[in-house]
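Only this structure's heavy atoms are used, side chains among them; waters, hydrogens and symmetry mates stay out.
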Amino acid sequence: MEAVPQAVDPQRVAQRGSAVMGLVDEIFPLVEGFYVDLHRNPELSHQEHRTARAVAEWLSRAGFEVATGIGGTGVVGVLRNGDGPTVLLRGDMDALPVEERTGLPYASTARGVDGDGNEVPIMHACGHDLHTACLVGTADLLAGAREQWSGTLMIVAQPAEETVDGAAGMLRDGVYERFGRPDVALAQHVGPQPAGMIGHRAGVILGAGTTLQVRIHGTGGHASRPHTAVDPVVIAANIVNRLQTIVSREVDPGEMAVVTVGVLRAGTKANIIPDEAYLEVNTRALNERVGRQLQTAVERIVRAEAAASGAPREPEITLAQQAGVTDNDPAETAALAAAHRAYFGDAYVVDFPEPFSGSEDFGEFGLPGDDDPVPYVFWFLGGTPHDVWAAAPGETPYEKLGTLPSNHSPFFAPDREPTLRAGLAALTIGALTYLARPEDTASGVPQLPSAFGMDGAGPAEPPAAEPYPQPPAEPAGVSGEDGAGSTRQADMAALLADDEPAPAAPERAGRHAGGDLLDPPPAPRGPVHGTETGPSQPFGRTDPPSGPAFSAPAPQGAPISAPPPALSAGVGP
């Protein structure tokens, strides 16, 4: 693997970041409006046509070379700004088949048709609308401050993260061959931590996951004559029960593993024994070895239970989804975490001691298994309002996380302004960690201001004054295969510390006055090369982007904090 260009000194990155973020108040109303518009108009995986067109319009106006239709509905924007590394920033665009119950004035009421032809409600219940708004906002900020950095910025708006095949689709469509191979890839994901908090972890941060579709064949008959039938419902019930023994009796107790049956369908009427049953089984693990063990065990149990019941045919088992672990490059994670701390301050940046069990496909952009992989860093961005966090039941941070509305919940509603501002800054600092000009300049590099500066006051100090304690080193001989270590030592004792408000931050100079979200998008800063979403086109088109500019109406009031149900924390598909 070729060496990643040396990261710029964290203090220099923070200074350059301050110069770039000095523009944020000018564009923030548009970013916020864009977020609200996306939240009101979510689109399912592989159906992100409107969202993709909006992203392409924004990037075109900011001066990026833009191509659409990459891997389906993906968008790529490239801004070349002299010599230097190529940095990929990725955001995902798709929403979930969830009916929103946040009570927000801009809550989604959208409905659509899923891949199986079912009409479903649609909601941005995983924060991809926020990811996309931060992505285009960061692109705009960096395009407007090109004197602060040098290199190539590659913006990737990815479809179909929830089906964990969007990244692979873009790669199959030749995203690197056509638009350049990055030196490093970066992404962030909003979660239920306190708004404005940044969470890093070197190495594995998210687990591997698979979804298996299982069809059990029986022999139908009358409910009064079960001896003449082979009941697939009984087979399916036995499979569900037996699957629970995989984790309890086959996996090392020191390893994290999950097996969940999320779908079970059979029959049409109480007095009819059906001839088939259908299940979907989801597995999670924190290293590839355990992931393979789970999948093998599921297939073995399904086939054995069918055979034991005298099923007339072998069951059909289909691997519907698969995602590997998200394995952050340790050196690049350390570089980004240092830059984030230099900009945000130690209280806003934590190090997670253990991975989370959710899964992502962002790691595909790192080309796992390739002889020359691309190093990548994936971090978390907190979104829970601080008053909601403080009121959540639980003595420890992880107890609180277990009770707060989290990703995929119909109540998930990030605190809009502080989360967007932190997300813009985190992505900007991430890019500048590699792109910032390291040399001194006579002017234009201000001293580091407060990281947020909203209406003359910074956010409440996040309840995280101390870093996570790191787990003890593993004794020799307990590491898993594939270079993935054991997941034992899962002490989750400290995520955040006490909630204490921070002193008010001074008003940032040059703050945008007014900020009506109906203002037109910023004027183009360079040549326009946008295309409609559809078959991807090569760079170099000279026709202007088609379709309307996407400037959303203003939010109708402050976010409403829905009562938190007792839901477990999670992220990703």
Side-chain angles (χ1 to χ4, degrees), residues 1-17 83-90 149-154 156 167 176 180-189 198-207 286-288 324-344 346 348-356 360 362-381 425-438 467-474 479-480 482-487 489:
M1 181 178 73
E2 295 182 5
V4 179
Q6 180 63 45
V8 181
D9 174 76
Q11 292 301 321
R12 175 62 59 193
V13 172
Q15 290 175 335
R16 297 290 181 183
D83 295 334
T86 297
V87 175
L88 183 154
L89 301 184
R90 174 271 213 174
W149 60 276
S150 180
T152 299
L153 182 62
M154 184 176 181
V156 172
Y176 286 173
R181 178 190 175 95
D183 293 292
V184 66
L186 310 176
Q188 62 185 358
H189 203 300
I198 308 298
H200 281 285
R201 187 175 195 277
V204 175
I205 189 169
L206 290 176
L286 294 182
N287 67 62
E288 306 291 356
V325 296
T326 304
D327 191 359
N328 283 331
D329 183 275
E332 306 316 320
T333 301
L336 257 72
H340 280 153
R341 285 191 172 90
Y343 182 83
F344 288 100
D346 289 344
Y348 287 89
V349 183
V350 296
D351 295 306
F352 296 133
E354 290 292 331
F356 294 93
E360 252 275 359
F362 171 65
E364 293 294 323
F365 288 110
L367 305 178
D370 192 88
D371 291 337
D372 186 22
V374 174
Y376 63 83
V377 182
F378 179 93
W379 66 86
F380 280 98
L381 168 69
L427 267 186
T428 298
I429 295 298
L432 290 174
T433 299
Y434 303 94
L435 297 175
R437 296 185 190 275
Y468 270 105
Q470 295 302 306
E474 285 291 340
S479 293
D482 306 314
S486 169
T487 60
Q489 307 296 349

Locate the shortest heavy-atom distance separating [X] from [Y]; write the atom from each residue and the value.
| X | Y | result |
| --- | --- | --- |
| A335 | A7 | CB-CB, 3.8 Å |
| P368 | G363 | CD-O, 3.4 Å |
| R201 | P355 | NE-N, 3.6 Å |
| I198 | A426 | CD1-CB, 3.8 Å |
| P10 | A342 | O-CB, 3.6 Å |
| G151 | L435 | CA-CD2, 3.9 Å |

request  = Test side chain to side chain contact (heavy atoms under 4.5 Å, CB included) on V8 and W149 and set out the steps.
outcome  = CA-CA 11 Å; V8 181; W149 60 276; over 6 Å; no
Rounded to the nearest 0.5 Å, how far apart are [atom1] of [X] and [atom2] of [Y]?
| X | Y | atom1 | atom2 | value |
| --- | --- | --- | --- | --- |
| L88 | T152 | CG | OG1 | 11.5 Å |
| R341 | Q11 | CZ | CD | 13.0 Å |
| L286 | D327 | CG | CG | 11.0 Å |
| L427 | L89 | CG | CG | 5.5 Å |

note = The ring-ring contact (aromatic ring centres under 6.0 Å, His included) partners of Y376 (sequence neighbours excluded) come to F362
Heavy-atom distance under 4.5 Å between the side chains of [X] and [Y], does that happen here?
| X | Y | value |
| --- | --- | --- |
| V87 | P182 | no |
| T433 | E332 | no |
| Y343 | T428 | no |

Do any N or O atoms from the side chain of [X] and from the backbone of [Y] form a donor-acceptor pair under 3.5 angstrom?
| X | Y | result |
| --- | --- | --- |
| Y348 | H340 | no |
| E288 | V325 | yes |
| R16 | R437 | yes |

request  = Applying side chain to side chain contact (heavy atoms under 4.5 Å, CB included), run through F365 and V156 and close with a yes or a no.
outcome  = CA-CA 10 Å; F365 288 110; V156 172; 4.0 Å; yes
key: D83 atom CG, over 12 foreign heavy atoms within 6.0 Å   = no
query = Is there a side chain to side chain contact (heavy atoms under 4.5 Å, CB included) between W379 and L186 once you walk through the steps?
reply = CA-CA 8 Å; W379 66 86; L186 310 176; 3.9 Å; yes
task = Evaluate the criterion side chain to side chain contact (heavy atoms under 4.5 Å, CB included) for residue pair H200 and V377; output intermediate values, then yes/no.
result = CA-CA 9 Å; H200 281 285; V377 182; 4.3 Å; yes
